[in-house]
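We use all heavy atoms of the structure for the numbers below, so side chains are in, but hydrogens, waters and symmetry mates are not. Atoms within each ligand, like the ligands themselves, are counted from 1 in listed order.
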Amino acid sequence: MKIAILGTGNVGKALWKGLSKKHEVKFGSRNPIPSKVNGAEVLHLSDAAKWADVVIAAVPYRAMREVVEKAGKENLKGKVVIDVSNPLDESGAQAVGFSSSAAEELSKMLPGAKVVKAFNTVFAENMGSGSIGAHKLTLFIAGDDKSAKGIVEGIGKDIGFEPVDVGPLRTSRYIEPMGLALISMGFMQRMGTRIGISLVKD
Ligand SMILES: NC(=O)c1ccc[n+]([C@@H]2O[C@H](COP(=O)([O-])OP(=O)(O)OC[C@H]3O[C@@H](n4cnc5c(N)ncnc54)[C@H](OP(=O)(O)O)[C@@H]3O)[C@@H](O)[C@H]2O)c1
């Protein structure tokens, strides 16, 4: 599969590590210099969006609108767009919740794209393996398009996660606060980033 990761930050690089073994992965960047990151090609946001089958938006929530505009809404039409964001405002407070979610807001910006929420409940440090030691992490997935969610489940399994379908895109309203709880435990409660969330099933 051709996967474009928009954003060359911590999450972008971690997902590249997890995905590049089984997929063709390129980065999309506001400023594609240098032209390679971790050996992968870095394109302008719009060229990366045009090239890919699946696009991962690995950018801050507050930058989403600007990135979508630069990537080009037409280039994202009909494509699976994965939103990994934990919606925080400039002050570090939760930016959206209860009546909407970052993923739903992204979906409103991208009519025609198949937006799927995933990866936000995982620290970048553990995103390239989907596990911590012997423990597989759960990949919580929300979206309205069944086939798009199936693709994200496949990508998650390829990395090493245990994917779980949480429900339609509006259930991102529940998954996003889980990511914020993880951030609080990791940083404010000083547990560090080698922690993660797994769903226990009988
Ligand atoms: N870090 C984690 O552990 C973690 C875990 C789960 C979810 N997330 C979510 O994943 C997303 C990316 O997080 P990250 O840790 O990878 O952040 P990061 O290291 O700061 O990287 C974000 C990347 O987004 C791109 N970007 C585009 N527009 C931007 C803007 N206006 N300001 C800043 N960066 C912009 C930049 O890449 P270019 O310069 O190449 O355009 C930048 O490197 C966020 O939404 C975050 O909430 C993070």
For a salt bridge (charged side-chain N to carboxylate O under 4.0 Å, His left out) with Lys117, tell me which candidate from Asp144, Asp83, Asp165 qualifies. Asp83
Strictly below 4.0 Å, N to O, side chains only: are Lys50 and Glu74 in salt-bridge contact? no
Is the distance between the ring centroids of Phe98 and Tyr174 under 6.0 Å? no
More than 12 foreign heavy atoms under 6.0 Å from NE2 of His23: is that the case here? yes
So which protein residues pack against ligand 1 under 4.0 Å, heavy atoms counted? Gly7, Thr8, Gly9, Asn10, Val11, Ser29, Arg30, Ala58, Val59, Pro60, Tyr61, Ala63, Glu66, Val67, Val84, Ser85, Asn86, Phe119, Asn120, Val122, Phe123, Ala124, Met127
Thr193 versus Glu125, side-chain donor and acceptor atoms under 3.5 Å: yes
Is the closest basic N to carboxylate O distance between Glu90 and Arg62 below 4.0 Å? yes
